[in-house]
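In what follows, chains carry the letters A, B, and so on, assigned in the order in which the sequence lines appear, proteins first and then strands, with residues in each chain numbered from 1.
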2 protein chains.
Amino acid sequence: MLSQTEENYLKSLFHLGDEAGTNELAVFLGVKPASVNDMLKKLKEKKLVNYEKYGKISLTGEGRKKAIEIVRKHRLWETFLYEKFAFTWDEVHEVAEQLEHIQSAKLVDKLDEFLNFPAYDPHGDVIPNAKGEMPEVHKKTLFEEEVGHNCTMVAVKDNSAPFLQYVTQVGLSINNKIKVLARHDYDQQMEIEVNGKVSSISPRFAKNIVIVCNDCAKKKKAGKGRNN
Amino acid sequence: MLSQTEENYLKSLFHLGDEAGTNELAVFLGVKPASVNDMLKKLKEKKLVNYEKYGKISLTGEGRKKAIEIVRKHRLWETFLYEKFAFTWDEVHEVAEQLEHIQSAKLVDKLDEFLNFPAYDPHGDVIPNAKGEMPEVHKKTLFEEEVGHNCTMVAVKDNSAPFLQYVTQVGLSINNKIKVLARHDYDQQMEIEVNGKVSSISPRFAKNIVIVCNDCAKKKKAGKGRNN
DNA sequence: TAAATTTGTTAGACTAGCCTAACTTTACTT
DNA sequence: AAGTAAAGTTAGGCTAGTCTAACAAATTTA
């Protein structure tokens, strides 16, 4: 059993990617490099990180597996708070930071099922599945999507009530499919179809909807990610 | 902000009542008396317990308030796991022990609302309301209930699939109202009404349903309680 | 390539929460 | 009321995780 602190180190290493250094990790975690050093020795001992003096830090297979489990829990809880308890996307993170450390395999399974196995969290990040698989994904705004393509809404960028009402009116919500029917060169107004309903949306609106394209080729390197 | 450990001490003191001793608390928490002693000094310093050397331990008003908040969270989470995630009543406690320490007022409010402000948890214990009020209650089995009285189901004693199926068939679930229509002296079979539906139930069945009477006078002293 | 800067490491110390062992106070028993 | 048993306390020590300060290695830059 890992402590919450150990879990946080693994999670942070996962987000920083495989070329992390001591200082970088220290800044990320909000502790001093000396503390990171101590912990790295411990995690190396437990075979969760690869680490040699003055070298770069990376997760072992086992460490990565643990990290992904935590990310999975974090993102499932964020989705839960957002969808079921009407938290806004900027409120979910802090509480999910706590909830991600709850130990219960059954709870995670049930949560996943309860949310209907969501693919994306409210920030538009991919939720790893129960096997720890995490398809890579290229996020962009709906405004940038090509005409004729199908995409999935994964997040919003604006949290204001008027915007959110508009989103609802158009029939959109996270994990919904969207088809881009047209874009007018004149005023960049777009025509989209959601659940058979066609809407005309402004460029401003489209720029606040984050999507992943279902028709674009899927090959991209993983970035550094966010703090979760 | 209290640590999880501090919260557990307060919660335990609440369950043990106001005449707890050092040893008793140590046994309850599974630690040594010396550890309890250290912590009591700290909690006294924080004005959460009343405590003098060699004297009995009790919670201050503030300490009690904190303890009730934790009990409230524990019981709401138990109810959540039981009702929404199909945990059995003997599985909920362990996970609720972890969830009760999550810090988020909004989360607790939403949880309460999501569960429709439940009065009892799956063990039949009263859930304190948002104000920290906790009506005292006299639990008994449905078998013991008087004919003509109305009562509320608060728990089951048997967790087997056949029993639970039968419970469902009769239309019963936790926080449901039951009216006792009759009891036959011959075989102690009972007639009950649930949501307008009348059922005939065996004494064995009735003995596995825990209820609180809504028609009995409500005056009784608080007992020592359980570990939650 | 040598100096300066950045990055990483070590040693020693602190706090929370726990322990054991020894001791003190209170309560029980006859 | 004296002696024993039970309950409670203290002192000192341990681990996890943090810190500061001093030092060492690596990297950048002139």
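The side chain to side chain contact (heavy atoms under 4.5 Å, CB included) search around A:N37 returns A:T22, A:K41, A:Y51, not counting sequence neighbours. A search for ring pair (Phe, Tyr, Trp, His ring centres under 6.0 Å) contacts involving A:F143 returns nothing, not counting sequence neighbours. Residues that satisfy the side chain to side chain donor-acceptor pair (under 3.5 Å) test with A:T5, not counting sequence neighbours, are absent from this structure.
Here A:K11 pairs with A:E97 in a salt bridge; the nearest charged N to carboxylate O distance falls below 4.0 Å.
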Strictly under 3.5 Å: I want the nitrogen or oxygen pairs between protein and nucleotides 4-11 of chain C, one per line.
unit_1, atom_1, unit_2, atom_2, d
C:dG8, OP1, A:T22, N, 3.4
C:dG8, OP2, A:T22, N, 3.4
C:dG8, OP2, A:N23, N, 2.7
C:dT9, OP1, A:Y51, OH, 2.5
C:dT9, OP1, A:Y54, N, 2.8
C:dT9, OP2, A:T22, OG1, 3.1
C:dT9, OP2, A:N37, ND2, 2.4
C:dT9, OP2, A:Y51, OH, 2.9
C:dT9, O5', A:N37, ND2, 3.2
C:dT10, OP1, A:K53, NZ, 2.9
C:dT10, OP2, A:K41, NZ, 2.9

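Pairs of residues two or more places apart, or lying in two chains, that qualify as salt bridge (charged side-chain N to carboxylate O under 4.0 Å, His left out) and include a residue from residues 106-118 of chain A are A:R72-A:D112, A:K106-B:E91.
Whole-Å rounding puts the B:I57 CD1 to D:dA7 C1' distance at 11 Å. For B:K32 and C:dA22, the NZ to C1' distance is 16 Å, given to the nearest whole Å. Between B:M39 atom CE and C:dT15 atom P there is a gap of 16 Å when expressed in whole angstrom units.
If you check every strand for non-hydrogen atoms under 4.0 Å, A:S35 touches a base.
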Output a table of donor-acceptor pairs, distance under 3.5 Å, between side-chain atoms of residues 58-66 of chain B and any protein atom two or more places apart or on a different chain; print 'none' if there are none.
unit_1, atom_1, unit_2, atom_2, d
B:S58, OG, B:N50, OD1, 3.2
B:T60, OG1, B:K47, O, 2.8
B:T60, OG1, B:L48, O, 3.2
B:T60, OG1, B:E62, N, 3.4
B:T60, OG1, B:G63, N, 3.0

